[in-house]
Amino acid sequence: MTEARLQQLNGDSGPTITVFERSPDGGKGLARDMRVRWALEEVGQPYDVRPVSFAAMKQPAHRTLQPFGQIPTYEEGDLALFETGAIVFHIVDRHNGLLPLDATARARAINWMFAALSTIEPTIVDREVVLYLERDQNWFEQRLTLVEDRIRARLTDLSNRLGNADWLDGRFSAGDLMTADVLRRLGGSGLLEEYPNLAAYVARAEARPAFRRAFTAQREFFNAAAEP
Ligand code: GTB
């Protein structure tokens with residue numbers, strides 16, 4: 001019997017996550033709730049979604065959950081979390097499947113989660129800041145080149161480490177989930193395609209049934225919100 005079915009029979013409700021009421025990504029699943037949805041799908045944990053408008057996100061009620069006025073948040077009984085690293089870790093620590101049981105391999109998988117969030121993602125976010133907020137500056141092109149070169153430096157190292165392997169360290173783990181989700185944010189930039197093994201890595205991750213379910217859920221949510 002699946003964990004989801006057991007929960008239904010026990011009357012346990014799953015966690016609730018907050019998401020953009022209307023995601024600026026147009027349904028491409030690029031906001032950070034995607035990695036939480038994906039982790040929940042991987043471990044078979046049903047969840048509810050609570051949409052939050054940009055205005056509501058900055059109000060005290062939401063800031064109680066997320067001090068920085070952002071999504072996603074995660075509520076489960078008495079527990080409220082923010083920060084996708086902490087949320088995904090909480091999910092994969094409590095459910096089998098995305099972290100190895102062997103302590104050493106488990107620590108290495110967590111290591112990759114942190115690398116994705118601390119070493120790779122900031123360079124990708126920098127590029128988005130340049131594109132969205134600094135386009136009018138006369139140094140825009142120069143800065144974009146610098147920022148993209150910093151991304152390339154990270155991608156080169158990651159590509160060298162991955163080599164011909166399917167995943168970063170043995171079986172697919174939460175480290176891969178986080179890394180692939182971070183790399184997805186480069187979609188449309190052309191940067192990922194400069195590294196065929198990384199492009200294939202992301203495609204492999206996106207082909208996972210759990211990713212497809214999470215992606216479909218966020219897309220259906222976006223489409224329903226867009227209906228008049
Ligand atoms: N460090 C936090 C975490 O990992 O949880 C960062 C959370 C965060 O950046 N949340 C963003 C947010 O709420 C949404 S994901 N922004 C609103 C605000 O700060 O006022 C970032 C994001 C947003 C939109 C797109 N997009 O449209 O493509 C992609 C990613």
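Ligands are counted one by one from 1 in listed order, and the atoms in each one are counted from 1 as well. Along the sequence shown, the residues carry numbers beginning at 1.
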State, to 0.1 Å, how close R208 and W167 come at their nearest heavy-atom pair, and which atoms those are. NH1-CZ2, 4.3 Å
Tell me the closest heavy-atom pair linking A86 and L81, and the distance in Å. O-CD1, 4.1 Å
For atom 19 (O) of ligand 1, which protein heavy atom lies nearest, and how many Å away is it? Q70 NE2, 3.0 Å
What do you reckon, is CZ of R212 surrounded by more than 12 foreign heavy atoms closer than 6.0 Å? yes
Whether F68 lies under 4.0 Å from ligand 1, heavy atom: no
Do the ring centers of F215 and W38 come within less than 6.0 Å of each other? no
Looking only at side-chain N and O atoms, does R35 offer a donor or acceptor that is under 3.5 Å from a partner on T84? yes
T73 and Q70: which non-hydrogen atoms are nearest, and at how many Å? CG2-O, 4.2 Å
Atom 2 (C) of ligand 1 has as its nearest protein heavy atom E83 OE1, 3.4 Å
As a test of understanding, state which of R50, M34, R37, Q218 forms a side chain to side chain contact (heavy atoms under 4.5 Å, CB included) with V19. R37
Exactly one of L177, L183, V182 should register a side chain to side chain contact (heavy atoms under 4.5 Å, CB included) with T179. Which one does? L183
Is it the case that atom CZ in R63 sees more than 12 heavy atoms from other parts of the structure closer than 6.0 Å? yes
For atom 4 (O) of ligand 1, find the nearest protein heavy atom and state the residue, atom name and distance (0.1 Å precision). T84 OG1, 2.6 Å
Is it true that K28 lies under 4.0 Å from ligand 1, counting heavy atoms only? no
With the threshold set at under 4.0 angstrom, would you say E128 reaches ligand 1 through any of its heavy atoms? no
If hydrogens are left out, which of I124, D33, D25 has an atom nearest to atom 27 (O) of ligand 1, that is, the closest non-hydrogen atom? D25
Just jot down the ligand 1 atoms closer than 4.0 angstrom to any heavy atom of K58, in number order. 18 (C), 19 (O), 20 (O)
Heavy atom under 4.0 Å from ligand 1: found in F82's side chain, backbone, both, or neither? neither
of all protein heavy atoms, closest to atom 29 (C) of ligand 1 is L30 O, 3.5 Å
Does any N or O atom in I71 lie less than 3.5 angstrom from one in ligand 1, N or O only? yes
Any nitrogen or oxygen of R35, main chain or side chain, under 3.5 Å from a nitrogen or oxygen of ligand 1? no
Would R32 count as a polar contact of ligand 1, with the cut-off being nitrogen or oxygen pairs under 3.5 Å? yes
What protein heavy atom lies closest to atom 14 (C) of ligand 1? Include the residue and the distance to one decimal. F20 CZ, 3.4 Å
Where do P122 and S118 come nearest, in terms of heavy atoms and distance? CG-O, 3.4 Å
Quick one: do R106 and D93 satisfy salt bridge (Lys or Arg N to Asp or Glu O under 4.0 Å)? Show the steps, please. CA-CA 10 Å; R106 193 176 182 90; D93 192 43; 2.7 Å; yes
Any S23 heavy atom less than 4.0 Å to ligand 1: no
So for ligand 1, is R185 a polar contact partner (N or O within less than 3.5 Å, distance only)? no
Side chain or backbone, does Q66 bring an N or O within less than 3.5 Å of an N or O on ligand 1? no
